[in-house]
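One structure is given here, and the rest of the page talks about it.
Every chain is numbered from 1, with letters handed out A, B, ... down the list of sequences. Please read all numbers here as calculations on a predicted model, not as lab measurements.
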There are 2 protein chains.
Amino acid sequence: MTGRTVRAEQVSATRELILTAAERLFAERGVNAVSNRQVSEAAGQGNNTAVGYHFGTKADLVRAIVRKHTVRIEEIRARLLAGIGDSPGVRDWADCLVRPMPEHLGRLGGPTWFARFCAQVTTDPALHQIMMEESLASPSLRQCIDGLNRCLPDLPPEVRAERGEMARHLIVHMPAERERALAEGRPTSRSNWDDAATGLADAIIGLWLAPVTPGR
Amino acid sequence: MTGRTVRAEQVSATRELILTAAERLFAERGVNAVSNRQVSEAAGQGNNTAVGYHFGTKADLVRAIVRKHTVRIEEIRARLLAGIGDSPGVRDWADCLVRPMPEHLGRLGGPTWFARFCAQVTTDPALHQIMMEESLASPSLRQCIDGLNRCLPDLPPEVRAERGEMARHLIVHMPAERERALAEGRPTSRSNWDDAATGLADAIIGLWLAPVTPGR
DNA sequence: CTTAAGGTAAGTCAAGCGCCTGACTTAAAG
DNA sequence: CTTTAAGTCAGGCGCTTGACTTACCTTAAG
(Lines give C-alpha, C1' and ligand atoms only; values in the text may rest on other atoms or scores of the structure.)
Protein backbone atom coordinates (compact mmCIF):
# COMPACT_ATOMS: atom_id res chain seq x y z
CA MET A 1 0.00 0.00 0.00
CA THR A 2 1.27 3.44 -0.88
CA GLY A 3 -0.80 4.98 1.84
CA ARG A 4 -4.24 6.01 0.75
CA THR A 5 -2.95 9.39 -0.31
CA VAL A 6 -1.12 10.18 -3.50
CA ARG A 7 -3.06 13.39 -3.52
CA ALA A 8 -2.50 14.27 0.12
CA GLU A 9 1.25 13.92 -0.34
CA GLN A 10 1.30 16.49 -3.10
CA VAL A 11 -0.79 18.83 -0.99
CA SER A 12 1.47 18.56 2.01
CA ALA A 13 4.46 18.97 -0.30
CA THR A 14 3.00 22.24 -1.55
CA ARG A 15 2.29 23.36 2.00
CA GLU A 16 5.87 22.52 2.91
CA LEU A 17 7.20 24.52 -0.03
CA ILE A 18 5.19 27.53 1.07
CA LEU A 19 6.26 27.18 4.70
CA THR A 20 9.92 26.96 3.76
CA ALA A 21 9.80 29.86 1.32
CA ALA A 22 7.92 32.05 3.76
CA GLU A 23 10.26 31.25 6.64
CA ARG A 24 13.23 32.24 4.52
CA LEU A 25 11.75 35.44 3.12
CA PHE A 26 10.37 36.56 6.48
CA ALA A 27 13.74 35.92 8.12
CA GLU A 28 15.73 37.78 5.49
CA ARG A 29 13.47 40.78 4.88
CA GLY A 30 11.02 40.97 7.76
CA VAL A 31 7.45 39.75 7.83
CA ASN A 32 5.79 42.99 6.76
CA ALA A 33 8.21 43.54 3.89
CA VAL A 34 7.06 40.36 2.14
CA SER A 35 3.67 39.96 0.45
CA ASN A 36 1.70 36.74 0.24
CA ARG A 37 2.17 36.90 -3.52
CA GLN A 38 5.93 36.92 -3.17
CA VAL A 39 5.72 33.92 -0.89
CA SER A 40 3.57 32.05 -3.39
CA GLU A 41 5.95 32.85 -6.23
CA ALA A 42 9.01 31.90 -4.19
CA ALA A 43 7.32 28.60 -3.46
CA GLY A 44 6.94 28.01 -7.18
CA GLN A 45 3.16 28.32 -7.13
CA GLY A 46 1.64 29.97 -10.18
CA ASN A 47 -1.45 30.72 -8.14
CA ASN A 48 -0.95 34.01 -6.35
CA THR A 49 -3.49 33.07 -3.71
CA ALA A 50 -1.78 29.84 -2.69
CA VAL A 51 -0.91 31.23 0.75
CA GLY A 52 -4.46 32.31 1.40
CA TYR A 53 -5.82 29.01 0.16
CA HIS A 54 -3.64 26.82 2.34
CA PHE A 55 -3.16 28.93 5.43
CA GLY A 56 -5.55 31.88 5.51
CA THR A 57 -4.08 35.12 6.79
CA LYS A 58 -0.40 35.95 7.14
CA ALA A 59 -0.70 35.52 10.89
CA ASP A 60 -1.97 31.99 10.35
CA LEU A 61 1.00 31.28 8.11
CA VAL A 62 3.37 32.55 10.77
CA ARG A 63 1.72 30.32 13.35
CA ALA A 64 2.06 27.32 11.05
CA ILE A 65 5.78 27.97 10.59
CA VAL A 66 6.29 28.22 14.32
CA ARG A 67 4.40 24.98 14.98
CA LYS A 68 6.39 23.14 12.34
CA HIS A 69 9.55 23.69 14.41
CA THR A 70 7.99 23.57 17.86
CA VAL A 71 7.58 19.81 17.72
CA ARG A 72 11.29 19.17 17.30
CA ILE A 73 12.24 21.77 19.86
CA GLU A 74 9.88 20.23 22.38
CA GLU A 75 11.50 16.85 21.86
CA ILE A 76 14.92 18.29 22.58
CA ARG A 77 13.72 20.04 25.71
CA ALA A 78 12.00 16.89 26.94
CA ARG A 79 15.23 14.95 26.51
CA LEU A 80 17.24 17.58 28.39
CA LEU A 81 14.65 17.60 31.18
CA ALA A 82 14.83 13.82 31.45
CA GLY A 83 18.60 14.03 31.83
CA ILE A 84 18.44 16.29 34.84
CA GLY A 85 19.59 14.73 38.13
CA ASP A 86 17.93 14.68 41.54
CA SER A 87 19.08 18.07 42.77
CA PRO A 88 19.00 20.33 39.74
CA GLY A 89 20.85 23.64 39.91
CA VAL A 90 20.58 26.88 38.00
CA ARG A 91 22.82 25.53 35.25
CA ASP A 92 20.51 22.57 34.65
CA TRP A 93 17.39 24.67 34.23
CA ALA A 94 19.21 27.27 32.19
CA ASP A 95 20.41 24.58 29.80
CA CYS A 96 16.85 23.34 29.34
CA LEU A 97 15.77 26.88 28.49
CA VAL A 98 18.71 27.91 26.33
CA ARG A 99 19.87 24.84 24.45
CA PRO A 100 16.77 23.62 22.58
CA MET A 101 16.82 26.38 19.97
CA PRO A 102 20.56 26.25 19.13
CA GLU A 103 20.57 22.47 19.14
CA HIS A 104 17.57 22.44 16.81
CA LEU A 105 19.37 24.80 14.44
CA GLY A 106 22.44 22.59 14.55
CA ARG A 107 20.38 19.53 13.68
CA LEU A 108 18.76 21.30 10.75
CA GLY A 109 22.26 21.76 9.37
CA GLY A 110 23.32 23.91 6.43
CA PRO A 111 22.00 27.44 6.27
CA THR A 112 19.03 28.08 8.55
CA TRP A 113 16.46 30.85 8.83
CA PHE A 114 14.31 29.94 11.80
CA ALA A 115 16.23 31.93 14.42
CA ARG A 116 15.99 35.15 12.43
CA PHE A 117 12.37 34.34 11.66
CA CYS A 118 11.62 34.07 15.39
CA ALA A 119 13.40 37.34 16.07
CA GLN A 120 11.33 39.08 13.40
CA VAL A 121 8.04 37.65 14.61
CA THR A 122 8.81 38.33 18.27
CA THR A 123 9.58 41.97 17.54
CA ASP A 124 6.57 42.63 15.32
CA PRO A 125 3.87 44.32 17.39
CA ALA A 126 1.09 42.53 15.52
CA LEU A 127 2.64 39.06 15.77
CA HIS A 128 4.33 39.19 19.14
CA GLN A 129 1.38 37.63 20.90
CA ILE A 130 1.29 34.68 18.52
CA MET A 131 4.84 33.78 19.42
CA MET A 132 4.14 34.12 23.13
CA GLU A 133 1.07 31.89 22.92
CA GLU A 134 2.85 29.19 20.95
CA SER A 135 5.82 29.24 23.31
CA LEU A 136 4.00 29.31 26.62
CA ALA A 137 1.70 26.54 25.44
CA SER A 138 4.58 24.16 26.15
CA PRO A 139 4.29 22.54 29.59
CA SER A 140 7.96 21.56 29.56
CA LEU A 141 8.94 25.19 29.10
CA ARG A 142 6.83 26.24 32.08
CA GLN A 143 8.40 23.41 34.04
CA CYS A 144 11.84 24.86 33.32
CA ILE A 145 10.77 28.34 34.36
CA ASP A 146 9.24 27.05 37.58
CA GLY A 147 12.29 24.95 38.35
CA LEU A 148 14.57 27.89 37.78
CA ASN A 149 12.50 30.17 39.98
CA ARG A 150 12.74 27.61 42.78
CA CYS A 151 16.52 27.88 42.48
CA LEU A 152 16.40 31.64 42.96
CA PRO A 153 14.34 32.13 46.13
CA ASP A 154 16.32 35.17 47.24
CA LEU A 155 15.51 37.15 44.11
CA PRO A 156 12.62 39.62 44.57
CA PRO A 157 9.69 38.56 42.35
CA GLU A 158 9.81 41.73 40.24
CA VAL A 159 13.52 41.29 39.59
CA ARG A 160 12.94 37.65 38.72
CA ALA A 161 10.32 38.66 36.16
CA GLU A 162 12.59 41.36 34.83
CA ARG A 163 15.53 39.03 34.37
CA GLY A 164 13.32 36.37 32.90
CA GLU A 165 12.34 38.85 30.24
CA MET A 166 16.01 39.61 29.60
CA ALA A 167 16.81 35.93 29.26
CA ARG A 168 13.92 35.50 26.84
CA HIS A 169 15.25 38.27 24.64
CA LEU A 170 18.75 36.83 24.60
CA ILE A 171 17.52 33.31 23.89
CA VAL A 172 15.65 34.59 20.85
CA HIS A 173 18.02 37.22 19.50
CA MET A 174 21.48 35.76 20.05
CA PRO A 175 20.90 32.66 17.91
CA ALA A 176 19.37 34.98 15.30
CA GLU A 177 22.51 37.11 15.39
CA ARG A 178 24.75 34.11 14.92
CA GLU A 179 22.56 32.81 12.14
CA ARG A 180 22.79 36.12 10.35
CA ALA A 181 26.57 36.17 10.72
CA LEU A 182 26.75 32.70 9.19
CA ALA A 183 24.47 33.75 6.34
CA GLU A 184 26.57 36.79 5.58
CA GLY A 185 29.86 34.95 5.86
CA ARG A 186 31.00 36.99 8.87
CA PRO A 187 33.12 35.33 11.56
CA THR A 188 31.37 34.03 14.66
CA SER A 189 32.62 33.94 18.21
CA ARG A 190 31.83 30.23 18.48
CA SER A 191 32.55 27.54 15.93
CA ASN A 192 29.35 25.54 16.41
CA TRP A 193 25.85 25.84 17.80
CA ASP A 194 26.66 23.80 20.88
CA ASP A 195 29.41 26.14 22.00
CA ALA A 196 27.23 29.10 21.21
CA ALA A 197 24.59 27.68 23.51
CA THR A 198 27.19 27.25 26.24
CA GLY A 199 28.26 30.87 25.92
CA LEU A 200 24.67 32.01 26.04
CA ALA A 201 23.92 29.87 29.09
CA ASP A 202 27.02 31.18 30.89
CA ALA A 203 25.91 34.75 30.38
CA ILE A 204 22.28 34.16 31.32
CA ILE A 205 23.27 32.37 34.52
CA GLY A 206 25.52 35.30 35.40
CA LEU A 207 22.60 37.60 34.71
CA TRP A 208 20.28 35.67 37.02
CA LEU A 209 22.80 35.40 39.84
CA ALA A 210 23.89 39.03 39.69
CA PRO A 211 23.58 40.96 42.96
CA VAL A 212 20.59 43.27 43.22
CA THR A 213 21.20 46.92 44.02
CA PRO A 214 18.75 47.71 46.82
CA GLY A 215 16.15 50.37 46.07
CA ARG A 216 16.64 53.72 47.71
CA MET B 1 13.34 91.18 15.83
CA THR B 2 11.37 87.99 15.39
CA GLY B 3 14.42 86.28 14.03
CA ARG B 4 14.72 86.48 10.30
CA THR B 5 12.57 83.41 10.00
CA VAL B 6 8.83 83.38 10.35
CA ARG B 7 8.88 80.94 7.51
CA ALA B 8 11.65 78.72 8.78
CA GLU B 9 9.77 78.24 12.02
CA GLN B 10 6.74 76.91 10.21
CA VAL B 11 8.93 74.60 8.17
CA SER B 12 10.68 73.15 11.15
CA ALA B 13 7.32 72.85 12.87
CA THR B 14 6.05 70.75 9.98
CA ARG B 15 9.18 68.64 10.02
CA GLU B 16 8.75 68.15 13.75
CA LEU B 17 5.13 67.07 13.27
CA ILE B 18 6.21 64.48 10.73
CA LEU B 19 9.07 63.22 12.89
CA THR B 20 6.80 62.85 15.91
CA ALA B 21 4.00 61.16 13.99
CA ALA B 22 6.39 58.76 12.27
CA GLU B 23 8.17 57.87 15.50
CA ARG B 24 4.86 57.03 17.13
CA LEU B 25 3.45 55.01 14.21
CA PHE B 26 6.70 53.14 13.61
CA ALA B 27 6.94 52.28 17.31
CA GLU B 28 3.36 51.09 17.59
CA ARG B 29 3.00 49.16 14.32
CA GLY B 30 6.49 48.55 12.97
CA VAL B 31 8.29 50.51 10.28
CA ASN B 32 7.23 48.40 7.32
CA ALA B 33 3.59 48.32 8.38
CA VAL B 34 3.29 52.10 8.00
CA SER B 35 3.24 53.90 4.64
CA ASN B 36 4.63 57.36 4.02
CA ARG B 37 1.11 58.45 3.22
CA GLN B 38 -0.12 57.39 6.63
CA VAL B 39 2.72 59.31 8.23
CA SER B 40 1.83 62.44 6.27
CA GLU B 41 -1.83 62.15 7.21
CA ALA B 42 -1.04 61.50 10.87
CA ALA B 43 1.11 64.62 10.81
CA GLY B 44 -1.88 66.61 9.58
CA GLN B 45 -0.39 67.24 6.15
CA GLY B 46 -2.92 67.21 3.33
CA ASN B 47 -0.11 66.49 0.90
CA ASN B 48 0.59 62.79 0.65
CA THR B 49 4.18 63.43 -0.40
CA ALA B 50 5.16 65.50 2.61
CA VAL B 51 7.49 62.80 3.91
CA GLY B 52 9.25 62.49 0.59
CA TYR B 53 9.57 66.23 0.23
CA HIS B 54 11.10 66.87 3.64
CA PHE B 55 13.09 63.71 4.22
CA GLY B 56 13.43 61.65 1.05
CA THR B 57 13.17 57.90 1.53
CA LYS B 58 11.79 56.11 4.56
CA ALA B 59 15.32 55.23 5.59
CA ASP B 60 16.22 58.92 5.61
CA LEU B 61 13.20 59.61 7.79
CA VAL B 62 14.28 56.92 10.22
CA ARG B 63 17.76 58.40 10.36
CA ALA B 64 16.33 61.85 11.07
CA ILE B 65 14.26 60.50 13.96
CA VAL B 66 17.30 58.80 15.43
CA ARG B 67 19.42 61.94 15.15
CA LYS B 68 16.76 64.05 16.78
CA HIS B 69 17.16 62.03 19.98
CA THR B 70 20.86 61.27 19.70
CA VAL B 71 21.82 64.81 20.66
CA ARG B 72 20.13 64.61 24.05
CA ILE B 73 21.35 61.11 24.70
CA GLU B 74 24.92 62.15 23.95
CA GLU B 75 24.63 64.98 26.44
CA ILE B 76 23.55 62.58 29.14
CA ARG B 77 26.36 60.17 28.40
CA ALA B 78 28.92 62.97 28.39
CA ARG B 79 27.70 64.10 31.81
CA LEU B 80 27.91 60.54 33.19
CA LEU B 81 31.40 60.15 31.73
CA ALA B 82 32.49 63.39 33.35
CA GLY B 83 31.28 62.14 36.72
CA ILE B 84 33.45 59.04 36.65
CA GLY B 85 36.27 58.98 39.20
CA ASP B 86 39.97 58.20 38.79
CA SER B 87 39.76 54.42 38.90
CA PRO B 88 36.55 53.52 37.13
CA GLY B 89 35.14 50.02 37.60
CA VAL B 90 32.76 47.88 35.62
CA ARG B 91 29.78 49.54 37.26
CA ASP B 92 30.89 52.98 36.13
CA TRP B 93 31.27 52.01 32.48
CA ALA B 94 28.07 49.97 32.53
CA ASP B 95 26.16 52.97 33.85
CA CYS B 96 27.50 55.11 31.02
CA LEU B 97 26.30 52.51 28.53
CA VAL B 98 22.97 51.66 30.10
CA ARG B 99 21.60 54.81 31.68
CA PRO B 100 21.48 57.35 28.82
CA MET B 101 18.48 55.79 27.08
CA PRO B 102 16.28 55.29 30.18
CA GLU B 103 17.20 58.69 31.57
CA HIS B 104 16.37 60.29 28.23
CA LEU B 105 12.97 58.59 28.23
CA GLY B 106 12.38 59.78 31.78
CA ARG B 107 13.19 63.36 30.82
CA LEU B 108 10.82 63.23 27.86
CA GLY B 109 8.06 62.45 30.36
CA GLY B 110 4.54 61.31 29.64
CA PRO B 111 4.06 58.54 27.11
CA THR B 112 7.11 57.89 24.96
CA TRP B 113 7.71 55.90 21.78
CA PHE B 114 11.42 56.18 21.12
CA ALA B 115 12.48 52.97 22.86
CA ARG B 116 10.01 50.87 20.88
CA PHE B 117 11.00 52.76 17.76
CA CYS B 118 14.65 51.84 18.32
CA ALA B 119 13.74 48.21 18.90
CA GLN B 120 11.79 48.13 15.63
CA VAL B 121 14.54 49.78 13.61
CA THR B 122 17.28 47.66 15.15
CA THR B 123 15.44 44.46 14.28
CA ASP B 124 14.55 45.44 10.71
CA PRO B 125 17.03 43.81 8.33
CA ALA B 126 16.96 46.79 5.98
CA LEU B 127 17.40 49.44 8.69
CA HIS B 128 19.66 47.67 11.15
CA GLN B 129 22.79 49.16 9.65
CA ILE B 130 21.44 52.70 9.94
CA MET B 131 21.03 52.30 13.67
CA MET B 132 24.50 50.83 14.03
CA GLU B 133 26.08 53.66 12.07
CA GLU B 134 24.30 56.36 14.03
CA SER B 135 25.17 54.74 17.34
CA LEU B 136 28.81 53.92 16.72
CA ALA B 137 29.37 57.42 15.34
CA SER B 138 29.42 58.57 18.97
CA PRO B 139 32.97 58.87 20.32
CA SER B 140 31.70 58.85 23.89
CA LEU B 141 30.02 55.50 23.31
CA ARG B 142 33.22 54.00 21.97
CA GLN B 143 35.01 55.47 24.97
CA CYS B 144 32.64 53.55 27.25
CA ILE B 145 33.14 50.31 25.36
CA ASP B 146 36.91 50.68 25.44
CA GLY B 147 36.87 51.54 29.13
CA LEU B 148 34.75 48.53 29.90
CA ASN B 149 36.96 46.20 27.90
CA ARG B 150 39.97 47.44 29.91
CA CYS B 151 38.11 46.36 33.05
CA LEU B 152 37.66 42.83 31.70
CA PRO B 153 41.16 41.76 30.66
CA ASP B 154 40.59 38.14 31.64
CA LEU B 155 37.66 37.69 29.26
CA PRO B 156 38.61 36.02 25.96
CA PRO B 157 38.09 38.48 23.08
CA GLU B 158 35.40 36.38 21.42
CA VAL B 159 33.46 36.09 24.64
CA ARG B 160 33.83 39.82 25.19
CA ALA B 161 32.38 40.49 21.74
CA GLU B 162 29.61 37.99 22.35
CA ARG B 163 28.60 39.52 25.66
CA GLY B 164 28.85 43.00 24.24
CA GLU B 165 26.28 41.97 21.67
CA MET B 166 24.07 40.62 24.44
CA ALA B 167 24.35 43.85 26.38
CA ARG B 168 23.48 45.83 23.27
CA HIS B 169 20.32 43.83 22.76
CA LEU B 170 19.24 44.26 26.37
CA ILE B 171 19.96 47.99 26.35
CA VAL B 172 17.72 48.40 23.32
CA HIS B 173 14.94 45.95 24.04
CA MET B 174 14.38 46.20 27.78
CA PRO B 175 13.48 49.91 27.76
CA ALA B 176 11.23 49.13 24.79
CA GLU B 177 9.53 46.42 26.79
CA ARG B 178 8.95 48.74 29.73
CA GLU B 179 7.69 51.46 27.44
CA ARG B 180 5.21 49.07 25.90
CA ALA B 181 4.00 47.95 29.32
CA LEU B 182 3.43 51.60 30.27
CA ALA B 183 1.59 52.25 27.02
CA GLU B 184 -0.70 49.26 27.53
CA GLY B 185 -1.30 50.02 31.20
CA ARG B 186 0.37 46.82 32.36
CA PRO B 187 2.30 46.80 35.64
CA THR B 188 6.07 47.29 35.50
CA SER B 189 8.72 45.75 37.71
CA ARG B 190 10.18 49.18 38.45
CA SER B 191 8.30 52.35 39.31
CA ASN B 192 10.51 54.74 37.34
CA TRP B 193 13.07 54.85 34.56
CA ASP B 194 15.96 55.37 36.95
CA ASP B 195 15.27 52.18 38.87
CA ALA B 196 14.70 50.34 35.61
CA ALA B 197 18.16 51.44 34.51
CA THR B 198 19.64 50.19 37.77
CA GLY B 199 18.03 46.79 37.31
CA LEU B 200 19.32 46.62 33.77
CA ALA B 201 22.84 47.62 34.81
CA ASP B 202 22.84 45.02 37.60
CA ALA B 203 21.97 42.26 35.17
CA ILE B 204 24.40 43.35 32.47
CA ILE B 205 27.25 43.54 34.95
CA GLY B 206 26.42 40.04 36.13
CA LEU B 207 26.41 38.95 32.51
CA TRP B 208 29.85 40.42 31.88
CA LEU B 209 31.39 39.01 35.03
CA ALA B 210 29.93 35.53 34.62
CA PRO B 211 32.46 32.68 34.64
CA VAL B 212 33.33 31.26 31.23
CA THR B 213 32.87 27.54 30.70
CA PRO B 214 36.14 26.40 29.10
CA GLY B 215 35.88 24.94 25.59
CA ARG B 216 36.31 21.19 25.29
C1' DC C 1 -15.83 4.00 -16.88
C1' DT C 2 -18.01 7.77 -15.04
C1' DT C 3 -18.37 11.29 -11.81
C1' DA C 4 -17.69 14.42 -8.10
C1' DA C 5 -14.14 16.86 -5.35
C1' DG C 6 -10.38 19.38 -4.65
C1' DG C 7 -5.79 21.58 -5.98
C1' DT C 8 -3.54 24.51 -9.31
C1' DA C 9 -3.17 28.01 -12.95
C1' DA C 10 -4.50 32.28 -14.88
C1' DG C 11 -6.81 36.42 -15.18
C1' DT C 12 -9.61 40.25 -13.08
C1' DC C 13 -10.77 43.78 -9.75
C1' DA C 14 -10.77 47.65 -6.28
C1' DA C 15 -7.80 49.70 -2.99
C1' DG C 16 -3.60 51.57 -1.58
C1' DC C 17 1.04 52.68 -2.51
C1' DG C 18 5.19 55.77 -4.13
C1' DC C 19 6.16 59.14 -7.31
C1' DC C 20 5.34 63.04 -10.31
C1' DT C 21 3.16 67.40 -11.94
C1' DG C 22 0.94 71.75 -11.54
C1' DA C 23 -1.52 75.38 -8.93
C1' DC C 24 -1.82 78.13 -4.82
C1' DT C 25 0.01 80.71 -0.76
C1' DT C 26 3.32 83.45 1.51
C1' DA C 27 7.83 85.16 3.36
C1' DA C 28 11.87 87.35 1.78
C1' DA C 29 14.76 89.84 -1.81
C1' DG C 30 15.36 93.43 -5.36
C1' DC D 1 5.59 97.17 -5.29
C1' DT D 2 7.25 93.47 -7.94
C1' DT D 3 9.66 89.38 -8.25
C1' DT D 4 11.45 85.19 -6.59
C1' DA D 5 11.77 81.08 -4.08
C1' DA D 6 9.98 77.74 -1.01
C1' DG D 7 6.26 75.12 1.42
C1' DT D 8 1.76 73.27 0.92
C1' DC D 9 -2.14 71.36 -1.45
C1' DA D 10 -4.72 68.63 -4.95
C1' DG D 11 -4.84 65.24 -8.20
C1' DG D 12 -3.24 61.82 -11.74
C1' DC D 13 -0.18 57.77 -13.28
C1' DG D 14 1.76 53.28 -13.03
C1' DC D 15 2.45 49.56 -10.05
C1' DT D 16 1.64 46.13 -6.35
C1' DT D 17 -1.35 44.02 -3.18
C1' DG D 18 -5.06 40.89 -1.32
C1' DA D 19 -9.28 38.94 -2.67
C1' DC D 20 -12.23 36.98 -6.05
C1' DT D 21 -13.59 34.26 -10.33
C1' DT D 22 -13.07 30.90 -13.84
C1' DA D 23 -11.11 27.01 -16.22
C1' DC D 24 -8.36 22.92 -16.23
C1' DC D 25 -6.57 18.70 -14.52
C1' DT D 26 -5.65 14.97 -11.42
C1' DT D 27 -7.35 11.82 -8.00
C1' DA D 28 -10.41 8.88 -5.44
C1' DA D 29 -15.07 7.22 -5.03
C1' DG D 30 -19.28 5.11 -7.01
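For the pair Arg79(B)/Arg99(B), no side-chain contact is recorded, criterion being any heavy-atom separation below 4.5 Å from C-beta on. Using a 4.5 Å heavy-atom cutoff, the side chains of Gln45(B) and Val51(B) are not in contact.
In this structure, a donor-acceptor pair under 3.5 Å is absent between the side chains of Thr198(B) and Asp195(B).
The aromatic rings of Phe26(A) and Phe117(A) sit parallel, their planes meeting at an angle under 30°, below the 60° perpendicular limit. Note: Phe114(A) and His69(A) have parallel aromatic rings, judged against thresholds of 30 and 60 degrees for the angle between ring planes.
For residues 36-45 of chain A, proximity to DNA chain D is found at Asn36(A), Arg37(A), Gln38(A), defined as any non-hydrogen atom under 4.0 angstrom from a strand atom. Contact check of residues 15-33 of chain B against DNA chain C (heavy atom, cut-off under 4.0 Å) returns no residues at all.
A salt bridge links Glu134(A) to Arg67(A): at least one charged side-chain nitrogen sits closer than 4.0 Å to a carboxylate oxygen. At a threshold of 4.0 Å, the pair Glu74(B)-Arg77(B) counts as salt-bridged, since one of the basic side-chain nitrogens sits closer than that to a carboxylate oxygen.
Counting only heavy atoms from C-beta on, Asn48(B) has its side chain closest to dG12(D) among dG12(D), dT8(D), dA19(D). Counting only heavy atoms from C-beta on, Thr14(A) has its side chain closest to dT8(C) among dA19(D), dC9(D), dT8(C).
Note on Thr49(B): every side-chain N or O is 4.0 Å or more away from OP1 and OP2 of dC19(C). A close approach under 4.0 Å does occur between a side-chain nitrogen or oxygen of Tyr53(B) and OP1 or OP2 of dG7(D). A close approach under 4.0 Å does not occur between any side-chain nitrogen or oxygen of Ser35(B) and OP1 or OP2 of dG16(C).
A straight line from CZ of Phe55(A) to P of dA19(D) spans 15 Å, rounded to a whole angstrom. Taking atom NZ of Lys58(A) as the reference point, atom P of dT16(D) lies 16 Å away to the nearest angstrom. One atom, CG of Asn47(A), and another, P of dT12(C), lie 15 Å apart when rounded to the nearest Å.
To the nearest 0.5 Å, atoms CD (Glu177(A)) and CZ (Arg168(B)) are separated by 5.5 Å.
Judged as a side chain to side chain donor-acceptor pair (under 3.5 Å), the pairs with a partner in residues 106-121 of chain A (not counting sequence neighbours) are, in order, Glu28(A)-Trp113(A), Glu103(A)-Arg107(A), Thr112(A)-Glu179(A), Arg116(A)-Glu179(A).
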